[in-house]
Amino acid sequence: MNSELDLKPAAVFTSKTRQITLNINGISRGLEVLPYVTLLDALREYLDLTGTKKGCDHGQCGACTVICDDKRILSCLSLAVAKDGAEITTIEGVSTGNDLHPLQQAFIDHDAFQCGYCTPGQICSAIGMLSEGKAKTRADVKELMSGNLCRCGANMSIIDAIMEVKDGGGHE
Amino acid sequence: MKNPPATGQSISRIEGPLKVTGAAKYSGEYNVPGLLYGYVVNSTITKGKIIKIYTEEIKALPGVIDVFSHENRPSTAWFDMKYADMDAPPGSPFRPLHDAEIRYNGQPIALIVAETFELARYAASIISVDYEKEIFDTDLRSHFGDGREPETGMASLLKPPPPEPTGYFETAYAAAKYKASGEFYHGTEHHNPMELFTTTTLYEGKGKLSIYDKTQGTVNCQLYVANVFGLRFKDVKVISPFVGGAFGSGLRPQYQLFLSVMAALELKRHVRVTLDRSQMFTFGHRPPTLQRTRFAADADGMVTALNHTAFAETSRFEDYTEVVVNWSPKLYPAAHTLLDYKLVPLDVFSPMDMRAPGGSTGMHAIESTLDELAYQLKMDPLDLRLKNYTMIDITVNLPYSSKELKECYLKGAEKFGWANRAPEPRSMKRGHKLVGYGMATGIWDAMQAPARAEAAMTRDGKLHVKSAVTDIGTGTFTVMTQIAADELGLPVADVIFSYGDSKLPFAPIQGGSMTTSTVGTAIRAAGKALRKKLLRVAKRMKDSPLGKAELEEVIFQNGYIILKDNPQAAVSFADIINDGHHGLPLKTTNTGVPNMAKLNKYSRAAHSAVFVEVEVDEELGVINVTRALTAVAAGKIINPKTSRSQILGSMVWGISKALREETILDNQLGKYMNQNLGEYHIPVHADIHDLDVMFIEENDEHINELGIKGLGEIGLVGVAPAITNAIFHATGKRLNQLPVHFDMLL
Ligand code: FES
Ligand code: FES
């Protein structure tokens with residue numbers, strides 16, 4: 001698309017794969033990836049963990065949010081090789097056994113989604129946001145969740161669901 | 001014991017657990033061994049010709065499998081009409097990689113197929129293209145007044161041209177004492193569903209394809225692919241159980257479908273093509289539209305004259321139209337009307353239906369002008385609407401099949417606290433912020449199309465219902481399950497609804513708020529036929545307690561056919577299948593069609609009343625929608641929970657339309673400049689405050705057997721004008737451009 005790019009194709013096509021280990025949802029997974037593969041693509045395309053979504057690939061939508069070493073991060077802005085050895089929780093690992101995580105249940109109860117495409121990111125982000133402990137009020141929650149877009153416009157129900165869990169102490 | 005009907009109940013989305021656990025698979029999430037990745041190269045010029053694409057250099061790169069362009073693409077159908085889809089406007093549909101001609105900026109010009117996504121993307125970023133540029137025009141605003149009549153075609157059936165003029169508008173307007181007029185501009189918008197447009201085509205050998213596509217019409221895409229590539233319909237399967245939003249963008253087959261299928265057929269491999277976010281600005285959009293209104297009223301507030309003219313953008317190759325100007329006389333029956341809609345063809349891609357197409361554009365101009373008229377008359381804007389209330393649609397001279405808009409106005413106003421509004425602009429304050437109340441009306445046609453559905457009873461007593469329809473987040477899966485449950489008197493848990501697959505019974509594209517009435521009616525037809533079949537088999541069973549009972553003499557309840565007169569006489573569905581039908585499922589496939597003979601006696605529409613409170617920071621110009629309430633009359637509500645979400649989502653869209661989203665076109669370059677979610681602003685959580693939805697009871701005995709009108713669009717149409725009217729009330733400034741920019745208030 002851009003013929004003026006001053007990048008040598010060779011660099012991309014000849015770089016070597018690296019062996020890395022990601023601890024995902026409590027399972028250690030070895031993976032051979034090129035250095036420029038994002039954590040998001042590693043999850044979706046290499047490990048078939050498609051619960052984590054791609055909405056922009058540019059850090060602008062929040063759909064790709066996962067929890068990495070206890071912090072919420074945008075997996076599209078992280079290179080897989082940079083996360084070698086990290087503990088990662090994706091939406092597939094949020095609940096234990098057959099029980100839904102309280103946030104997952106609250107999202108269903110409040111109908112906090114329509115198409116569901118932003119939902120995994122919203123839930124992972126909310127888990128991270130609650131454990132940060134900075135949000136005191138509903139306004140705080142809205143502000144601190146504003147990196148996660150929802151085009152279906154489920155915004156109010158998403159915040160309702162999070163507030164229920166936050167106030168109900170459903171989050172450990 | 002009788003179980004309550006499933007319809008009317010607030011049931012949580014059946015697929016909810018799949019969506020909150022990440023188990024729901026969208027079109028780009030079917031991973032298979034040996035999958036190839038396609039990345040699209042787009043034109044960087046707006047008009048002209050491709051002189052050369054340097055594909056050989058790219059093909060030589062390790063990991064790159066092939067590069068397709070107009071020079072080497074496999075031959076496809078040459079006949080234009082083969083590319084037409086169910087939503088194609090009159091004209092000649094865009095054909096990807098057809099020839100060297102560039103018709104718009106961002107046009108797909110090549111597909112790079114590689115072993116990995118990263119390689120394909122990188123190769124797409126370095127490919128060189130030589131062009132010959134031509135002069136182009138993309139600037140709608142320079143064409144106020146010089147449009148032309150649109151071509152008509154199949155699409156005109158659902159999008160009628162403006163009604164003929166009535167009375168003598170110019171004379172009436174000139175003589176009128178109370179008048180309001182305005183010029184309006186509605187900017188370009190792109191649908192931007194959260195999921196990227198993706199097609200995963202699985203090559204199944206011998207010309208057979210399984211295609212996972214992001215679409216609002218599985219059958220529509222199946223027909224398109226079969227027609228374009230000369231395949232047999234039954235060899236093409238299009239599957240879309242989960243769609244990450246669409247809002248109209250999936251009504252037409254998009255170019256990633258064409259390219260993915262083309263590459264799969266040519267390479268005999270599985271190929272996924274995903275468009276990136278910026279590429280989602282390279283097909284279809286809500287067209288920018290210029291409008292002019294002139295409304296007049298007599299001293300009592302009766303609207304006497306209505307003039308509404310629109311000039312809308314279209315492409316050079318298709319006449320995409322919308323119903324922008326037809327609405328005002330439907331709501332306010334003036335004697336003198338003059339309505340006109342013109343197109344301005346420009347060097348852009350064809351616009352495309354986007355949530356409440358036309359209606360949400362036109363109603364902004366109409367409801368803003370009416371608000372202005374109320375101020376001229378020194379009348380409450382709500383009173384003006386009540387004064388002109390009509391149960392007859394004068395544009396067709398027919399009564400409304402039902403219309404509970406008055407209740408929307410009254411109940412909505414009461415709950416919102418409209419009576420607390422001080423009439424004068426700039427008269428309400430909260431701290432250092434100006435407060436404004438605004439209201440507006442919404443209207444949307446209630447439509448229905450033919451569809452088919454299968455219903456089957458299996459030996460476990462479960463009802464299986466099938467339709468090719470999609471669920472784009474609207475709640476279709478859940479709502480159809482509820483409708484089917486009531487047909488056989490079963491609890492929802494005993495109904496299994498299969499959908500989102502072109503091999504299932506025919507459903508039209510999911511749009512225009514007509515899916516529930518369309519597919520719901522088909523399910524009802526199939527349900528009725530299945531009841532008959534079950535009873536017939538039950539009566540044939542040995543010692544059947546049902547004797548010679550007719551359909552009217554029995555009820556279907558909780559898995560049994562029961563004699564009305566003798567509730568002890570009952571046969572279970574499971575026994576009917578096991579003992580009366582050798583354990584084989586009892587099946588029927590039926591068609592649901594709109595009853596036109598009946599419908600033609602009425603005008604059919606859903607209505608809404610929207611009330612909004614805004615706070616405006618005068619120093620900074622910041623506008624905040626602090627509260628909004630929408631009261632909706634749309635016939636029977638099958639599921640209040642999912643329906644509420646539909647309306648809430650539309651209200652967020654209305655806030656976005658009024659205050660946030662806009663695609664900015666640079667007319668020097670002919671290119672959209674903000675092709676990403678950082679610069680294409682939609683509301684974030686912090687922008688959304690107190691939203692309320694009321695469903696007003698509306699019994700419509702004419703519209704269809706279920707009494708359904710549809711909800712996809714009605715929630716949006718009135719929201720933006722209610723906001724701009726509230727801004728006027730707060731500030732005394734009438735802003736007729738969408739979206740409103742902060743600086744316009746400073
Ligand atoms: S995909 Fe990562 S922020 Fe959008
Ligand atoms: S539920 Fe569709 S984008 Fe949030």
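So that the names make sense, note that chain A is the first sequence line, chain B the second, and so on, each numbered from 1. The basis for the numbers below is simple: all heavy atoms, side chains too, and nothing from hydrogens, waters or symmetry mates.
Note: B:Gly473 leads B:Gly28, B:Gly473, B:Gly649 in heavy-atom pairs under 4.5 Å with chain A. Annotation: maximal heavy-atom pairing with chain A below 4.5 Å, among B:Gly245, B:Pro17, B:Ser645, occurs at B:Ser645. Contact count against chain A (heavy-atom pairs under 4.5 Å) is highest for B:Gly22 among B:Pro193, B:Ser10, B:Gly22, B:Pro683. Chain A forms the most heavy-atom pairs under 4.5 Å with one residue out of B:Ala23, B:Ala110, B:Gly16, B:Ser656, and that residue is B:Gly16. Per-residue heavy-atom pair counts under 4.5 Å with chain B were compared for A:Thr52, A:Thr119, A:Asp111, A:Asn148, and the maximum is reached by A:Asp111.
Heavy atoms from other residues, nucleotides or ligands lying under 6.0 Å from NZ of A:Lys134 number 12 at most.
A:Leu34 CG to B:Tyr122 OH: the interatomic distance, rounded to the nearest 0.5 Å, is 13.5 Å. Of the inter-residue distances, the one linking B:Thr116 atom OG1 with A:Tyr46 atom OH reads 5.0 Å to the nearest 0.5 angstrom. Distance check: A:Ile159 CD1 to B:Ile688 CD1 gives 10.0 Å after rounding to the nearest 0.5 Å. Atom OG of B:Ser12 and atom CD of A:Gln105 lie 8.0 Å apart (nearest 0.5 Å). One finds the NZ atom of B:Lys214 at 7.0 Å from the SG atom of A:Cys115 (value rounded to the nearest 0.5 Å).
Of all residues in residues 149-158 of chain A, those placing a non-hydrogen atom less than 4.5 angstrom from a non-hydrogen atom of chain B are A:Leu149, A:Cys150, A:Arg151, A:Cys152, A:Gly153, A:Asn155, A:Met156, A:Ser157, A:Ile158. For residues 69-76 of chain A, an interface with chain B (any heavy-atom pair closer than 4.5 Å) does not exist.
Side-chain atoms of B:Glu118 do not come within 3.5 Å of backbone N or O of A:Val37 as any donor-acceptor pair. Looking at B:Lys19, its side chain does come within 3.5 Å of a backbone N or O of A:Gln114 through a donor-acceptor pair. Judged purely by atom type and a 3.5 angstrom limit, B:Lys25 has no side-chain atom pairing as donor or acceptor with the backbone of A:Thr50. At least one donor-acceptor pair under 3.5 Å links the side chain of A:Ser146 to the backbone N or O of B:Ala686.
For B:Ala246, the side-chain contact (heavy atoms from CB on, under 4.5 Å) partners at least two apart in sequence or on another chain are B:Gln216, B:Val243, B:Ser249, B:Ile472. For A:Thr137, the side-chain contact (heavy atoms from CB on, under 4.5 Å) test picks out A:Ala139, A:Asp140, with sequence neighbours left out.
Summarising the geometry of B:Tyr26 relative to A:Tyr117, their closest heavy-atom pair is OH-N, 3.6 Å, with the distance given to 0.1 Å. Taking both residues in full, the closest heavy atoms of A:Gln60 and B:Leu677 are given as OE1-N, 3.3 Å, listed atom of the first, atom of the second, then distance.
With respect to the salt-bridge test (charged N to carboxylate O, under 4.0 angstrom), the residues B:Arg277 and A:Asp57 do not qualify. Salt-bridge annotation for A:Arg44 and B:Glu29: present, with a side-chain N of the basic residue lying under 4.0 Å from a carboxylate O of the acidic one.
Side-chain contact between B:Tyr30 and A:Asp48 is absent, with no heavy atoms from C-beta onward closer than 4.5 Å. Contact annotation: the side chain of A:His58 never approaches that of B:Asn676 to less than 4.5 Å [non-hydrogen atoms, C-beta and beyond]. At least one side-chain heavy atom of B:Leu119 sits under 4.5 Å from a side-chain heavy atom of A:Tyr36. Between A:Ile108 and B:Arg13 there is no side-chain heavy-atom pair separated by less than 4.5 Å. For the pair B:Arg272/A:Glu45, a side-chain contact is recorded, criterion being any heavy-atom separation below 4.5 Å from C-beta on.
Looking at B:Tyr680, only its side chain comes within 4.5 Å of chain A, counting heavy atoms on both sides. Only the side chain of B:Val652 comes within contact range of chain A, judged by heavy atoms closer than 4.5 Å. There is no contact between B:Tyr54 and chain A, counting heavy-atom distances below 4.5 Å. Contact of B:Glu661 with chain A is made through the side chain alone, with heavy-atom distances under 4.5 Å. Proximity to chain A (any heavy atom under 4.5 Å) is shown, for B:His689, by both the backbone and the side chain.
Applying the side chain to side chain donor-acceptor pair (under 3.5 Å) test between B:His685 and each of A:Lys142, A:Glu143, A:Gln122 identifies A:Gln122 as the sole match.
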